[in-house]
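For the single chain, residues carry numbers from 1 onward in sequence order.
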Amino acid sequence: MPAAPLWRSRTTRSLLLQGGFALALLAAIVAATLTARANLSAQGMTSGFDFLWTSTGWEMNFTLLPAAPTDPYWWFLLLGLLNTLLMGLIGLGGASVIGLIVGLMRSGRNPAARFLATLYIELFRNLPLILQLFFWYALANALPNPRAALDLGPALLSSRGIYLPGLAVPMALPSSSPPSCFWALPSPSGSSPPAASPGWSPCRAGSSP
């Protein structure tokens, strides 16, 4: 029995179609890259990674390492990565503690504790994370602006975060009381400190709480 033609083989046709699709996709990527480079060159703009060594000209509110506006972009990218790792570790630890507590409450014999644990699970575990993010973001934006921040005793609450008081004690203490400042936990809507009472000022990087 003569062998079937190669073009009638299902495997061969699948390989040819996949190869043709891959070549078409590669050609589209190359054409888009060449077009983008030509348009940038026509406008006097260059592409590359040389910008990583230029100064940013702006500051970061919170960094684990010292930062200044004259630092290059690669340094700020590194600081952002460290901040992300720090927040990830804090979130991981907090989620582990909350999960352990809720799990113990859920499996306990106390009806009130079991009800609270079940309520927590139904509200947070069964709702999509993106929906929860939208809820908390809308709630943060619904808070008053920094000039009309809510006075919660030692803390101030506004649309830009929760601000807690702290003491910035200098090396040589003057005769008067040491100045005070705010350590802030900013929200996604901003990071500027709220209007505070006289004698209070925002903490700067490098100051001692």
Side-chain angles (χ1 to χ4, degrees), residues 51-52 54-98 101-102 116 119-120 122-209:
F51 73 94
L52 293 176
T54 59
S55 60
T56 58
W58 37 268
E59 299 180 356
M60 292 183 67
N61 291 331
F62 174 78
T63 56
L64 296 176
L65 299 176
T70 56
D71 291 333
Y73 276 93
W74 69 266
W75 180 249
F76 275 75
L77 290 174
L78 177 61
L79 295 178
L81 177 62
L82 293 178
N83 287 350
T84 302
L85 294 176
L86 175 63
M87 296 306 298
L89 291 176
I90 295 175
L92 179 62
S96 300
V97 172
I98 293 176
I101 295 175
V102 173
L116 292 177
L119 183 64
Y120 172 84
E122 294 297 330
L123 286 179
F124 294 100
R125 291 289 301 273
N126 293 335
L127 287 178
L129 182 59
I130 187 65
L131 183 60
Q132 298 182 39
L133 291 177
F134 278 125
F135 170 78
W136 293 114
Y137 183 78
L139 182 62
N141 287 334
L143 293 173
N145 58 51
R147 293 186 180 276
L150 299 177
D151 190 356
L152 304 178
L156 293 175
L157 179 63
S158 71
S159 60
R160 296 185 179 179
I162 303 175
Y163 294 83
L164 304 175
L167 294 178
V169 182
M171 296 298 294
L173 293 177
S175 57
S176 59
S177 60
S180 300
C181 64
F182 279 105
W183 287 110
L185 299 176
S187 68
S189 60
S191 57
S192 300
S197 58
W200 294 80
S201 61
C203 292
R204 297 295 182 183
S207 61
S208 299

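Considering all non-hydrogen atoms of both residues, L131 and L127 come closest at CD2-CD2, 4.2 Å. Contact detail for P144 and A149: the closest heavy-atom pair is CG-CA, 4.5 Å. Summarising the geometry of L92 relative to S96, their closest heavy-atom pair is O-OG, 2.8 Å, with the distance given to 0.1 Å. Considering all non-hydrogen atoms of both residues, P69 and S55 come closest at O-CB, 3.9 Å.
Taking CG of L119 as the reference point, atom CZ of F124 lies at 8.5 Å (rounded to 0.5 Å). Of the inter-residue distances, the one linking L156 atom CG with D151 atom CG reads 5.5 Å to the nearest 0.5 angstrom. Once rounded to the nearest 0.5 Å, the distance linking CG of N145 with CZ of R160 reads 8.0 Å. Residue L157 holds its CG atom at 5.0 Å from CG of L143, rounded to the nearest 0.5 Å.
The environment of F51 atom CZ is dense: over 12 non-hydrogen atoms of other residues, nucleotides or ligands sit within 6.0 angstrom.
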Tell me which donor-acceptor pairs under 3.5 Å the side chains of residues 70-91 have, and how far apart each pair is, sequence neighbours excluded?
from, atom 1, to, atom 2, distance (Å)
D71, OD2, A68, N, 2.7
W75, NE1, P66, O, 3.1
N83, ND2, F62, O, 2.9
T84, OG1, G80, O, 2.8

